[in-house]
Amino acid sequence: MAKVIRKILFGDLFNTLEYEEYFSEMSRNGLHLKKIGRCFAYFEEGEPNYLNYKIDIVNKDEEKKEIRIRQYKRRGWDFISERYNFLVFSSPLNSGVEELYENPEDQKLELEDIKKEIFGGGITSIILIIISILLLILMLYERTKSEGGFYLLLTKDELIITIILTLLPLFKEMRRKLSFKKFEKSLDIVESFRYGGDYLLMRNKFIIRKSIYYFIILFIIFSMIYKVSEDKSINLSEIEDIEALPVISIKDIETMDYSLDESSYRIIKDDIDYGNHIYKSWNILIPEEYSLIETAFFEDSSPSELNPRLTIDYYLGRFDNISEGLEKDIRFREEKRESSTLYKIQEEDGYTFYGLEKEDLSIVICRSGKQIVLVKYYDGTASLEDIVEAIIKKLEL
């Protein structure tokens, strides 16, 4: 009994010229195609032979397939195997077998119905693709607005990853359509040059494309796993050395006597926890992100009086342009929230500061290289200068 050898199928059978050339070459090496599976082609060992192969695309309907197979057999072609919409035939080289179609235009007309079966109705399919892309753009735009800017959206990489995972199948479908277009163009090739497809080139392109595809998927998966492991919410009382973190605290800027709010409950407002917590996060483009929310009581104040509250956002961008974009987005967001302009208050030694001071609020935005710091201090006594000085001391550490 002849030995059966299995070979991986690289790319889809829309690459008809390449696969026809490949099957012919295998036959010349004594491996004759017997079956095509989902991922493999099965060859049977035998004597070397010179065979031509033809791949035709038909409707999936079994009756139509049988009719097509009989049509080919009457013209001298041997049926080998089928896979989805593809039928594979062979004939001895220079055997003088007849072609099924008199000219390429006849086959192209036949392909119109098959194209609808494989990809859906022409204009409808295109409209659905356009609508899908527009919806993704709209979703990205609305989320960008809600976050305050594109670079601030990068800190929420879950949406970006969702969009990438949504687009990958769309790109895959578009590539299949391009392969089908390539197949249609191949019908115009003169018959004497029909078996000149470059299988090795097609295979290498397929391997590179698949490698990139799976790399993106694995990269996203591992990034999400690493993000989950890195994201933390820690009570300030549990941090032994807050000085080691790139954030200032109330004690760094406040001159009046105060004590931390030791409430056993958390004050939640607008999804923000106003307890004494620091939040650590990570993503691909912003590998370090800290958010500090600290509340306190002035020693000589009554419970009904206003008391200091400090919120800080710290970002370390992976690239300078990300940090620059974050600075602009944060300034725009804060100016919109406060209906006031943040003015440049200092720029020296690699530090750029913007600030705003109101009766009950001081805002400072600092950029130093790839580091961005946003400080908002409510109902305290520290000035903008005190906050700027504390930020410089902290970042220099």
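The first residue in the sequence is number 1, and the count goes up from there.
The distance from the OG1 atom of T352 to the CD atom of Q346 is 9.5 Å, given to the nearest 0.5 Å. How far CD of E20 is from OG of S90: 11.5 Å, rounded to the nearest 0.5 Å. Distance CZ/F353 to CD/E348: 8.5 Å, rounded to 0.5 Å.
The backbone N or O of L154 sits less than 3.5 Å from a side-chain atom of N283, completing a donor-acceptor pair. With hydrogens and angles disregarded, a donor-acceptor distance shorter than 3.5 Å links the side chain of D252 to the backbone of S249. The closest donor-acceptor contact from the side chain of E335 to the backbone of L342 lies under 3.5 Å. Between the side chain of K232 and the backbone N or O of S229, at least one donor-acceptor pair lies under 3.5 Å. Checking side-chain atoms of K376 against main-chain N and O of V364 turns up no donor-acceptor pair under 3.5 Å. Remark: the backbone N or O of Y151 is paired with a side-chain donor or acceptor of D329 at under 3.5 angstrom. In this structure a side-chain-to-backbone donor-acceptor pair under 3.5 Å is present from K227 to W282. Checked by atom type and distance alone, the side chain of R83 pairs as donor or acceptor with a backbone atom of G37 at under 3.5 Å. A donor-acceptor pair under 3.5 Å is absent between the side-chain atoms of R367 and the main chain of S323, judged by distance alone. No donor-acceptor pair under 3.5 Å is formed between the side chain of D386 and the backbone N or O of E254.
Its side chain within the 4.5 Å cluster rule, L93 clusters with Y50 among the Ile, Leu, Val, Met, Phe, Trp and Tyr residues.
Listed by chain and residue number, K358 satisfy the side chain to side chain donor-acceptor pair (under 3.5 Å) test with E338 (two or more places apart in sequence, or in another chain).
A salt bridge links K280 to E230: one of the charged nitrogens lies within less than 4.0 Å of a carboxylate oxygen. Taking a cutoff of 4.0 Å between a charged side-chain nitrogen and a carboxylate oxygen, E334 and R337 qualify as a salt bridge. A salt bridge is defined here as a Lys NZ or Arg NE, NH1 or NH2 lying under 4.0 Å from an Asp or Glu carboxylate O, and D56 with R68 meets this definition. The existence of a salt bridge linking K394 and E243 is confirmed by a sub-4.0 Å separation between a basic side-chain nitrogen and an acidic carboxylate oxygen. Salt-bridge formation is not detected for the pair K328/E324: no Lys NZ or Arg NE/NH1/NH2 atom is positioned less than 4.0 Å from an Asp or Glu carboxylate oxygen. Between K344 and E347 a salt bridge is recorded (basic side-chain N to carboxylate O distance below 4.0 Å).
Taking the centre of each ring, Y22 and Y53 stay at or above the 6.0 Å mark. With ring centers used as reference points, F23 lies under 6.0 Å from Y19.
Neither side chain, N52 nor S91, offers a donor N or O lying under 3.5 Å from an acceptor on the other.
Legend: side-chain hydrogen bond (donor to acceptor under 3.5 Å, both in side chains) pairs involving residues 28-46, not counting sequence neighbours, sorted by first then second residue: S27-H32.
Between F206 and F10, the two ring planes are perpendicular [angle over 60°; tilted spans 30° to 60°].
Among Y378, F297, F298, the single residue meeting the side-chain contact (heavy atoms from CB on, under 4.5 Å) criterion with P308 is F298.
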